[in-house]
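The sequence lines fix the lettering, A, B, ..., with proteins before strands; numbering per chain opens at 1. Please read these numbers as outputs of a predicted model, since none were measured by experiment.
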Protein chains: 2
Amino acid sequence: MAGSDQEHTARQSASTRERLLESATRLFGERGIEATSLRALTDAAGSNIAAVNYHFGSKEGLLRAVVDQTMRAVNDERALRLDELESAARPMSIAALVRAFVEPGIGLVEGHGHRGSDVARFIGRVMSEPDARVRQIFAEQVEPVEGRYLAAFGRALPDLDEDGVRFVYTSMLGLLSVHQSGSFTTLWAPEEGSGTAASGLGIVDRERLVAFITGGILATLTARATTVP
Amino acid sequence: MAGSDQEHTARQSASTRERLLESATRLFGERGIEATSLRALTDAAGSNIAAVNYHFGSKEGLLRAVVDQTMRAVNDERALRLDELESAARPMSIAALVRAFVEPGIGLVEGHGHRGSDVARFIGRVMSEPDARVRQIFAEQVEPVEGRYLAAFGRALPDLDEDGVRFVYTSMLGLLSVHQSGSFTTLWAPEEGSGTAASGLGIVDRERLVAFITGGILATLTARATTVP
DNA sequence: GTCTATACGAAGATAGAC
DNA sequence: GTCTATCTTCGTATAGAC
């Protein structure tokens, strides 16, 4: 905190940490979490393999740090926009609720400058990650805000039972995940760019997505659920 | 083909192959493909590790066989129902098209008896798998039929451009995947059963899903896409 | 032909020396 | 803070029992 030598080493360590976070965001998003080896990661970051363990404890600790760094802004904005909706006019429209949740997610791209597409792809990847431990890490991060939104949807959709609310909420999450990660797009267009497959990602059409989700929810209201015959 | 000894060994081999397929369907679905080691797999199947290599050549060969076995019926029924729609009344309704695609997927559960939930979860897992090689294997299997449906959606939605059609088609796939795998459900209800988290899975409400997708598509039609400002 | 036991190289994560 | 050594586990290949 005082000596110039200490500052030097401190800056070096901070820089290594930063580079590890950046590389992890990019590589986890591009190749997947499991598929990204610590060696490839530390090579890209220009550091030794053991640096991950030193700075983050483990690969999982690194993942947790990346999720925290990338999702914090989204969480905060979602919470803020829900605050606004709740303190405003009583009847909360479904469209407004959907928009308040979806737009901060899409906004990931703008919020991170040139790393925007990396960040968006990383989050899309994490959201569509089947591994239970990864899901857990993500859930811990977004749980508080998501809980508030789930409750808000419940109040805004009084005609739906608990299962129905969860259904539409899950649908919204799924759609956001799918369009953000671009998973299915690669099926019928495996080769787009040469090096990175990142180009157009994140430029999701907000209006289209909000319209689809809102329309889907409203349609669910009129269609009565078929119970077992 | 004749002797009783040969029949005996033949039955034994078929049984091992069957058990490997069954265990793979279950474990790949429960833990994920990467996360399932061949040793855990062969332990569950009560066979030796080399059996996978003998019967399927490799882990990837085994995965391919499971995908083939589980998706063949779905593919066939989807193709059949599209045939029926195309040979019937000219104006093909969106709802009918959605239903023809979605219902065979949900029908996975009924079509496989007591293994239904295993099969459904496996397919859900594969559909939401980020790994490029896994996606490729799945794509090879469903490509022909999916191509026909994509074209059919294009004809049924003449007001949408190519991107718009891909958007709604991707949305449908994503919703089917999310609800079939139950990915997001586990977020707010991590502990449901003790051993297997399979219980209610696959009992997706058809009407709800069809209504949501159809409503979403129709809503997309009216909402004009926002192009770059 | 079917299956088992065992070995091999590669890669991951981590502990402990420096 | 960094690096090297090690321990584990992975997927695969091979030799031989039945």
Side-chain angles (χ1 to χ4, degrees), chain A residues 1-24 27-28 30-66 129-131 133-134 137, chain B residues 1-24 27-28 30-67 129 131-134 136-137:
Chain A
M1 253 215 188
S4 58
D5 277 10
Q6 281 182 2
E7 276 180 358
H8 179 63
T9 51
R11 249 190 298 124
Q12 270 193 337
S13 94
S15 171
T16 299
R17 212 190 116 98
E18 259 322 296
R19 274 181 318 204
L20 282 174
L21 283 171
E22 272 187 41
S23 298
L27 292 180
F28 282 167
E30 282 175 3
R31 313 179 185 179
I33 295 157
E34 263 271 342
T36 301
S37 70
L38 286 186
R39 263 192 176 80
L41 202 67
T42 49
D43 281 359
S47 78
N48 187 270
I49 181 166
V52 171
N53 201 274
Y54 175 75
H55 284 288
F56 303 99
S58 66
K59 185 180 184 180
E60 183 176 316
L62 172 58
L63 174 63
R64 205 177 293 271
V66 178
E129 172 64 51
D131 184 87
R133 289 166 307 184
V134 178
I137 291 172
Chain B
M1 253 225 187
S4 57
D5 277 9
Q6 281 183 0
E7 276 180 358
H8 180 63
T9 52
R11 247 190 301 125
Q12 270 195 335
S13 96
S15 172
T16 298
R17 214 190 115 98
E18 260 321 299
R19 275 183 318 211
L20 283 174
L21 283 171
E22 272 187 39
S23 299
L27 292 180
F28 282 166
E30 281 175 3
R31 312 180 185 180
I33 296 157
E34 263 269 342
T36 302
S37 70
L38 287 185
R39 286 170 178 85
L41 201 67
T42 48
D43 281 358
S47 78
N48 187 273
I49 182 167
V52 171
N53 205 274
Y54 176 73
H55 284 287
F56 303 99
S58 66
K59 186 180 183 179
E60 184 176 315
L62 172 59
L63 173 64
R64 206 177 291 271
V66 178
V67 170
E129 172 66 48
D131 184 87
R133 288 166 308 184
V134 178
Q136 180 61 28
I137 290 172

- Message: The side chain of A:H55 is closest to which nucleotide in this list: C:dT6, C:dT4, D:dT2?
- Response: D:dT2

- Query: Which of these nucleotides, D:dG11, D:dT2, C:dT2, is closest to any side-chain atom of B:L38?
  - Reply: D:dG11

- Send over the distance from B:D43 CG to D:dG11 P, rounded to a whole Å. 12 Å

- Message: Counting C-beta onward and ignoring hydrogens, is there a side-chain heavy-atom pair between A:N48 and A:Y54 closer than 4.5 Å?
- Response: no

- Query: Quick one: does A:T36's side chain have a donor or acceptor within less than 3.5 Å of a partner on A:L27's backbone?
  - Reply: yes

- Message: For a quick test of reading the model: is some side-chain N or O of A:Y54 closer than 4.0 Å to OP1 or OP2 of D:dT2?
- Response: no

- Across the strands shown, which category fits A:S47 at heavy-atom distances under 4.0 angstrom: base, sugar-phosphate, nothing? nothing

- Give B:N53 one of three labels, base, sugar-phosphate or nothing, depending on what nucleic acid heavy atoms sit under 4.0 Å from its own. sugar-phosphate

- Task: Measure from NZ on B:K59 to P on C:dA10 and round the result to the nearest Å.
- Result: 19 Å

- Message: For a quick test of reading the model: is some side-chain N or O of B:S37 closer than 4.0 Å to OP1 or OP2 of D:dT9?
- Response: no

- Report the distance from atom CZ of B:F56 to atom P of D:dT12, rounded to the nearest whole Å. 14 Å

- Query: Less than 4.5 Å apart, any side-chain heavy atom of B:I33 and any of B:D131?
  - Reply: no

- Identify which nucleotide among D:dC3, D:dT14, D:dC10 has an atom closest to any side-chain atom of B:A50, counting heavy atoms from C-beta outward. D:dT14

- Message: Under 4.0 Å, counting only non-hydrogen atoms across every strand here, what does B:T42 touch: a base, just sugar-phosphate, or nothing?
- Response: nothing

- Task: Round to the nearest Å and state the distance from B:E34 atom CD to D:dT9 atom P.
- Result: 17 Å

- Selected nucleotide, minimal atom distance to B:R39 side chain, candidates C:dT14, C:dA7, C:dG1: C:dA7

- Message: When you compare the side chain of A:L21 with that of A:L62, does any pair of heavy atoms fall below 4.5 Å?
- Response: yes

- Task: Let me know the distance between CG of B:N48 and P of D:dA15, rounded to the nearest Å.
- Result: 16 Å

- Message: Between B:S23 (side chain only) and B:L20 (backbone N and O only), is there a donor and an acceptor less than 3.5 Å apart?
- Response: no

- Between D:dT9 atom P and B:I49 atom CD1, what is the distance in whole Å? 13 Å

